[in-house]
Amino acid sequence: MAAASMTKGSEQLVPPAGGAGGRRQVWAMLRMTIGLMGMLLVGYSLGIVSGAMQHAQEDLGLTTEDTEIAVSILLVWATISSALGVPANSLFGRRPVIALAALFYAGGALGVAAADGLQSLVLARSMLGVGVGLASGTVPVYSAEVSPPNMRGVLLALTDFGVVIGLLVAAVVNVGFWHVDAGWRWAMGLGAVPALMMLLGTPCLPESPRWLAMKGRPEAAEAVLKQIHGTEDVRALLDDIMEAIREEGSDEETRSGCWARLRRGAAKLWSLWAQRGLRRAATLGMGLMIANQLAGINTVCYYSTTILMKAGFSADSSIWLAAVCPAAQLVGVALSVASMDSLGRRPTTLVSCFGVVVSLFALTASLSAGDAWQEVSAIALMVYLVAFGFGLATVPWVMNGELYPLKVRSAAAGQATLTCWIMSWIVGRYFLSLCNSLGEAGAFGIFAVCSLVCAAWLFFVLPETRGLELEDIAELFADPDPKGQKAPRRGGAAAALGAGKARECGDMAHRPNDMQMALRA
């Protein structure tokens, strides 16, 4: 009943498809911007730690271990909430979960600002973690489902653009409040502003058309599809979606009780690993998230100021250079937005991996040389951030919104997000200990080797999904023909691409599918 009341208004929120095209596009982008603010909050919560927690440690009398607990507790709850977001997305829809994420984040940010000790700080950071986990597991899936194929790569890349914008804003805020008395409270508390804006703007978002269709509301789904594609003729695409739902039995969920839904959710997770095609997709989705974290990006987010000070820079110089770090990553993400739908996902990722590996080895060498090479360390760090932003920052989120059939999409994306947060916690929690044992050069040397291994693996298993409908992408993994010559299911989605475009997509997928035989069990 709650889900129905929260999503019932979706039909009323969709303007007629026959309105002015420019006005329709403006409203569509405004709604997408509101949704993408969830990822800005993710970036802000990660980046603000770099500067603000140093002063919070002094003001609250926290030990080093207390600080590690306060920092890492966000990742623990982000991991838990990303897992709980899977059934919530399937039961209530994408839009209510985005609103809930904003509510938790706003409460957590204000709680951190008012914290008077370790317990209250940990409690508030836990609330932040719930909001971050829900947003990171929902926004990419939602963005994929409300995007037309020719814009999906750009709009999904913008989710990571939002994360980096959040990192940049956090860095600027850290600089602004660095010499302000109790400025860390203002820096932490300001995160509530975009969270409240997102919460208030959520009613303007349309619900996912695929979720509406899965819940037995094809008329509402058709209305949203007309808005997304800017045309009245969306019956072919709607028929494809409804056929996928019938084939997968997703409509049965609307007539199930709570325990039946939980059992079916467990069955979905099991099917990800029991069926060969889904297992290949799930392995790739989780592997992309592991590659994202083993590149060491979150150590830069949490400890950029500390890393730069270890490289030989003063405290004031380090905080200013730390503010440049997210700007460098933003350049890479901006280039990724431009290349995602032009070059494709696969070449974007491989170029990014090459740049990350080279720059990490250069950073390892410069840190080994000591203060004499501090400028080289700074340059290598900036090159690393541009390279990471170009592909490894964006492609894991983009492809985890694309890879899976409708019935298991929320479960699979939630599983990948859970993997991301677990790896993020491991890397962030033990980085300083690793530095104490091996030195900063040794720690980044390990990241360099891990990135090299991940790059080699992705070269052999990563397919191209550019330009394909979501219902057709799953067939890249289910296709039993190692040459990838099987035609996409039905003709509705493929017909929208045109015969030439469909052949192009098949050609791009040819080599990755051939190499993906290594994933078959």
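For the single chain, residues carry numbers from 1 onward in sequence order.
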Under 3.5 Å, side chain of Asn400 to main-chain N/O of Gly285, donor-acceptor pair present?
yes

OG1-CE distance between Thr465 and Met399, expressed to the nearest 0.5 angstrom
4.0 Å

With no hydrogens and no angle check, is any side-chain donor or acceptor of Ser120 less than 3.5 Å from a backbone partner on Ala115?
no

Is it the case that over 12 heavy atoms from other parts of the model lie below 6.0 angstrom from the CZ atom of Phe104?
no

Which residues satisfy the salt bridge (Lys or Arg N to Asp or Glu O under 4.0 Å) test with Arg94, sequence neighbours excluded?
Glu145

Taking only residues two or more places apart in sequence, or in another chain, which ones meet Leu60 in a side-chain contact (heavy atoms from CB on, under 4.5 Å)?
Leu62, Leu121, Trp184, Arg185

So, does Lys215 use its side chain to make a donor-acceptor pair with the main chain of Ser90 at under 3.5 Å?
yes

Rounding to 0.5 Å, atoms CD1 (Ile98) and CG (Leu199) come to a distance of 11.5 Å

Could Arg345 and Glu402 be called an ion pair, given the rule that one side-chain N must be under 4.0 Å from one carboxylate O?
yes

Separation of Cys420 SG from Asn292 CG (nearest 0.5 Å)
5.0 Å

Heavy atoms of Ala171 and Ala323 approach each other most closely as CB-CA, 3.4 Å

Check whether any side-chain heavy atom of Trp425 lies under 4.5 Å from a side-chain heavy atom of Val76, and answer yes or no.
yes

Using side-chain hydrogen bond (donor to acceptor under 3.5 Å, both in side chains) as the criterion, list what pairs up with Ser317, not counting sequence neighbours.
Ser314

Short question: side chain of Asn174, backbone of Ala52 - any donor-acceptor pair under 3.5 Å?
yes

side-chain contact (heavy atoms from CB on, under 4.5 Å) against Ser359, all qualifying residues, sequence neighbours excluded
Val383, Tyr384

In a check of side-chain contact (heavy atoms from CB on, under 4.5 Å) between Cys325 and each of Leu381, Leu330, Leu167, which one passes?
Leu381

Candidate pair Met289 and Trp397, rule side-chain contact (heavy atoms from CB on, under 4.5 Å), full reasoning:
CA-CA 8 Å; Met289 290 303 189; Trp397 297 102; 3.5 Å; yes

Quick one: does Ser352's side chain have a donor or acceptor within less than 3.5 Å of a partner on Leu392's backbone?
yes

Heavy-atom check, side chain of Phe447 versus side chain of Val356, under 4.5 Å:
no

Can you name the side-chain hydrogen bond (donor to acceptor under 3.5 Å, both in side chains) partners of Asn89, sequence neighbours left out?
Thr138

Within a strict 4.5 Å, meaning less than it, do heavy atoms of the Met188 and Leu110 side chains meet?
no

Please test Leu308 against Trp320 for side-chain contact (heavy atoms from CB on, under 4.5 Å), starting from the C-alpha separation and ending with a verdict.
CA-CA 10 Å; Leu308 289 164; Trp320 278 101; over 6 Å; no

Apply side-chain contact (heavy atoms from CB on, under 4.5 Å) to Ala124 and list each qualifying residue two or more places apart in sequence or on a separate chain.
Val112

Any residue meeting side-chain contact (heavy atoms from CB on, under 4.5 Å) with Pro209, in chain and number order, not counting sequence neighbours
Val146, Ala221, Val224, Leu225, Ile228

What heavy-atom pair brings Ala70 and Arg125 nearest, and what distance separates the two atoms?
O-NE, 3.0 Å

Trp178: what forms a ring-ring contact (aromatic ring centres under 6.0 Å, His included) with it, not counting sequence neighbours?
His55

Between Gly391 and Pro396, the two heavy atoms sitting closest are O-CD, 3.7 Å

Rounded distance [0.5 Å steps], CD1 in Ile426 versus CG in Leu75:
10.5 Å

Under the ring-ring contact (aromatic ring centres under 6.0 Å, His included) rule, collect the residues that match up with Phe390, sequence neighbours excluded.
none

Scanning both residues in full, the closest heavy-atom pair of Gly389 with Ser336 reads O-CB, 3.8 Å

Any side-chain heavy-atom pair from Leu41 and Pro194 closer than 4.5 angstrom?
yes

Just so I know, are the side chains of Val122 and Ser126 near enough to count as touching, which here means a heavy-atom distance under 4.5 Å?
yes

Stepwise side-chain contact (heavy atoms from CB on, under 4.5 Å) test for Leu212 and Glu219
CA-CA 9 Å; Leu212 291 170; Glu219 295 82 5; over 6 Å; no

Just jot down the side-chain hydrogen bond (donor to acceptor under 3.5 Å, both in side chains) partners of Asp181, sequence neighbours excluded, or say none.
none

Gap between atom CG of Leu123 and atom CD1 of Ile73 - 0.5 Å precision:
10.0 Å

Contacts of Phe431 that satisfy ring-ring contact (aromatic ring centres under 6.0 Å, His included) - sequence neighbours left out:
Tyr303, Phe444

Of all heavy-atom pairs linking Gly355 and Ala387, the shortest is C-CB, 3.6 Å

Any heavy-atom pair between the side chains of Leu294 and Ser451 that's under 4.5 Å?
no

To the nearest 0.5 Å, tell me how far Ser45 OG sits from Leu128 CG.
6.5 Å

I want to check something: taking the side chain as every heavy atom from C-beta on, are Arg95 and Pro206 in contact at a cut-off of under 4.5 Å?
no

Using side-chain hydrogen bond (donor to acceptor under 3.5 Å, both in side chains) as the criterion, list what pairs up with Thr348, not counting sequence neighbours.
Ser339

With the side chain counted from C-beta on, respond yes when Tyr105 and Tyr44 share a heavy-atom pair under 4.5 Å apart, and no when they do not.
yes

